[in-house]
Protein chains: 2
Amino acid sequence: MAKPLTTTSNALLGLLSIQPWSTYELAKQVDRSLGWFWPRTERKIYDEAKKLVESGHATAKLQATGSRPRTVYKITAKGRRTLQAWLDESSAPPKLEAEALVRVFFANAGTLDQLRTTLDDLAAQSRANMDELRVLIATADDADYPFAERRHINAIAIRFQLDYNQMISDWAEWATAQTDSWNDITDPNSWDWHSALT
Amino acid sequence: MAKPLTTTSNALLGLLSIQPWSTYELAKQVDRSLGWFWPRTERKIYDEAKKLVESGHATAKLQATGSRPRTVYKITAKGRRTLQAWLDESSAPPKLEAEALVRVFFANAGTLDQLRTTLDDLAAQSRANMDELRVLIATADDADYPFAERRHINAIAIRFQLDYNQMISDWAEWATAQTDSWNDITDPNSWDWHSALT
DNA sequence: GGATAATACTGCCAATGGCAGTAAAAACGT
DNA sequence: ACGTTTTTACTGCCATTGGCAGTATTATCC
């Protein structure tokens with residue numbers, strides 16, 4: 001009995017189920033789309049792709065651009081079966097890692113200005129992400145968009161990204177506004193914490 | 001020059017800046033609050049706390065309950081300085097890991113039913129999280145709530161958690177509704193992807 | 001024609017998670 | 001009062017992952 005594949009392995013199988021890719025291209029796809037909700041480093045992709053070949057879920061074809069080699073991976077029938085079965089399994093709960101929120105949570109140990117800077121930066125990041133998403137959406141408008149059969153699924157996923165980033169920037173702006181009435185970081189003055197949670 | 005502390009180390013310093021805790025208690029706090037945006041396993045907390053002592057950011061006091069030992073950690077002046085300086089640094093962008101979104105993204109490889117199940121489970125999880133948060137909010141109402149001086153910051157952080165989970169369940173329910181008009185997973189019928197992204 | 005970016009890959013180590021295992025005290029049910 | 005479950009407390013071991021440096025070749029831009 002072979003060990004079940006990791007989510008990362010299955011995610012790569014997902015990409016390979018669309019078309020064959022070189023490792024570099026796989027890493028680019030992770031960067032540009034998959035990585036929104038399953039971020040993995042390029043370094044990891046190189047190792048993972050090799051493992052998929054070892055376990056028979058993909059095949060590797062060595063090619064070359066001049067004297068520079070490259071490896072192109074293609075999903076096997078076994079890989080497709082594994083992926084389809086994986087879709088039946090239940091998903092681990094989403095996991096969020098937000099350094100900015102940690103700084104907010106321990107803002108007590110610093111100043112009100114530090115808190116506001118953290119919040120402003122976070123809001124700016126989220127707005128920038130949304131700008132990038134809008135550029136991406138525009139490219140899907142092109143008549144020669146190569147993944148037309150994925151447009152509906154992509155739209156659902158991009159909608160998530162838009163909502164997610166909108167939620168963060170809205171929250172950060174709201175939080176900044178709340179601090180307006182605070183005297184300092186440890187004294188919220190007459191601010192009503194309870195009404196913030198209704 | 002000592003190595004800069006990791007975010008995890010600084011997060012523990014943040015907890016210790018509130019009061020001394022045993023490792024077990026630190027792990028519980030991570031489970032109940034910090035872990036919402038900086039999830040770390042209990043296993044890791046045990047190692048990290050020791051490292052804080054080695055680097056002089058905390059001290060350890062060995063106590064005992066009967067014959068069962070326990071280690072209580074306390075932040076040092078150096079620890080407080082480090083934490084306060086850390087609050088000035090800029091934060092890494094939030095990182096989201098959502099297995100459910102990966103399954104959505106590669107739903108093409110499966111069936112419409114699989115997609116809907118994934119979405120339903122995700123929405124249910126988020127709603128359950130919100131229920132837990134509401135219980136937590138109720139405890140902060142108690143007159144003997146031990147962290148009164150943290151109420152305003154806690155409220156801001158909990159507001160984030162509520163918004164975050166609300167966003168996810170809203171999106172999942174919206175996505176499920178979108179699939180109503182699809183013929184099957186590869187054929188969205190006359191569904192207009194573009195109007196989903198406005 | 002030279003600088004910069006994109007493509008292609010590996011080695012090494014620190015950070016982290018997951019799981020099993022051990023053990024004592026506390027809480028709970030009956 | 002006695003047995004079961006839960007809570008508290010901790011360690012060992014290994015797989016997963018990230019971060020960074022290093023090495024090359026080809027493509028692009030000015």
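The sequence lines fix the lettering, A, B, ..., with proteins before strands; numbering per chain opens at 1. On a predicted model such as this, the values are computed, not experimentally measured, just so you know. Heavy-atom basis, side chains included; hydrogens, waters and symmetry copies ignored.
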Q. Do the charged groups of B:Arg127 and B:Glu173 touch, with an N to O distance under 4.0 Å?
A. yes

Q) Are B:Lys28 and B:Glu25 close enough for a salt bridge, meaning some N to O gap below 4.0 Å? A) no

Under 4.0 Å from OP1 or OP2 of [N]: is there any side-chain N or O of [X] that close?
X: B:Lys44; N: C:dT16; value: yes
X: B:Thr8; N: C:dT16; value: yes
X: A:Ser22; N: C:dA8; value: yes
X: A:Thr65; N: C:dT7; value: no
X: A:Arg40; N: D:dG18; value: yes

What nucleotide, of [options], holds the atom closest to the side chain of [X]?
X: B:Thr41; options: D:dT16, C:dG18, D:dA9; answer: C:dG18
X: A:Tyr24; options: D:dT7, C:dA6, C:dT16; answer: C:dA6
X: A:Tyr46; options: D:dT16, D:dT17, C:dT10; answer: C:dT10
X: A:Ser67; options: C:dT10, D:dT25, D:dT16; answer: D:dT25
X: B:Lys28; options: C:dT16, D:dT8, D:dG12; answer: D:dT8
X: B:Lys51; options: C:dA15, C:dC12, D:dA9; answer: C:dA15
X: B:Lys50; options: C:dC9, D:dT11, C:dT16; answer: D:dT11

Q | Residue B:Lys78 excluded, over 12 heavy atoms near NZ under 6.0 Å | A | yes

Whole-Å distance between [N] [atom2] and [X] [atom1]?
X: A:Glu54; N: D:dA15; atom1: CD; atom2: P; value: 13 Å
X: B:Tyr73; N: D:dC10; atom1: OH; atom2: P; value: 7 Å
X: A:Glu25; N: D:dT26; atom1: CD; atom2: P; value: 17 Å
X: B:Glu42; N: D:dT8; atom1: CD; atom2: P; value: 10 Å
X: A:Asp31; N: C:dA5; atom1: CG; atom2: P; value: 16 Å
X: B:Asp47; N: C:dG17; atom1: CG; atom2: P; value: 11 Å
X: B:Leu26; N: D:dA9; atom1: CG; atom2: P; value: 11 Å
X: B:Leu62; N: D:dA9; atom1: CG; atom2: C1'; value: 12 Å

Q | Six-ring centre of B:Tyr164, B:Arg159 cation under 6.0 angstrom, axis tolerance 45° | A | no

Q | Heavy-atom donor-acceptor pair, B:Arg68 side-chain to D:dT8 base, under 3.5 Å | A | yes

Return a table of donor-acceptor pairs under 3.5 angstrom between the side chains of residues 83-97 of chain B and protein atoms on other chains or two or more places apart.
residue, atom, partner, partner atom, Å
B:Asp88, OD1, A:Gln114, NE2, 3.0
B:Asp88, OD2, A:Gln114, NE2, 3.3
B:Ser91, OG, A:Arg103, NH1, 2.8
B:Glu97, OE2, A:Arg40, NH1, 3.0
B:Glu97, OE2, A:Arg40, NH2, 3.3

Q. Which part of the nucleic acid, if any, lies within reach of A:Arg70 when heavy atoms closer than 4.0 Å are counted: base, sugar-phosphate only, or nothing?
A. sugar-phosphate

Q: Scan A:Glu48 against the nucleic acid and name what it touches under 4.0 Å (heavy atoms): base, sugar-phosphate only, or nothing.
A: sugar-phosphate

Q. So, B:Thr7 and B:Trp38: side-chain donor and acceptor under 3.5 Å apart, yes or no?
A. no

(Q) Testing the 3.5 Å rule here: is there a donor-acceptor pair between the side chains of A:Gln63 and A:Thr71? (A) no

Q.
Check the orientation of A:Trp171 and B:Phe160. Use parallel for under 30°, tilted for 30 to 60°, and perpendicular for over 60°.
A. perpendicular

Q) More 5' along DNA chain D: B:Thr71 or B:Lys95, using each one's nearest nucleotide? A) B:Thr71

Q: Enter the inter-axis angle for the ends of the helix from C:dG1-D:dC30 to C:dT30-D:dA1 (five pairs per end, rounded to 10°).
A: 60°

Q) Can we call the ring centroids of B:His152 and A:Trp182 under 6.0 Å apart? A) yes

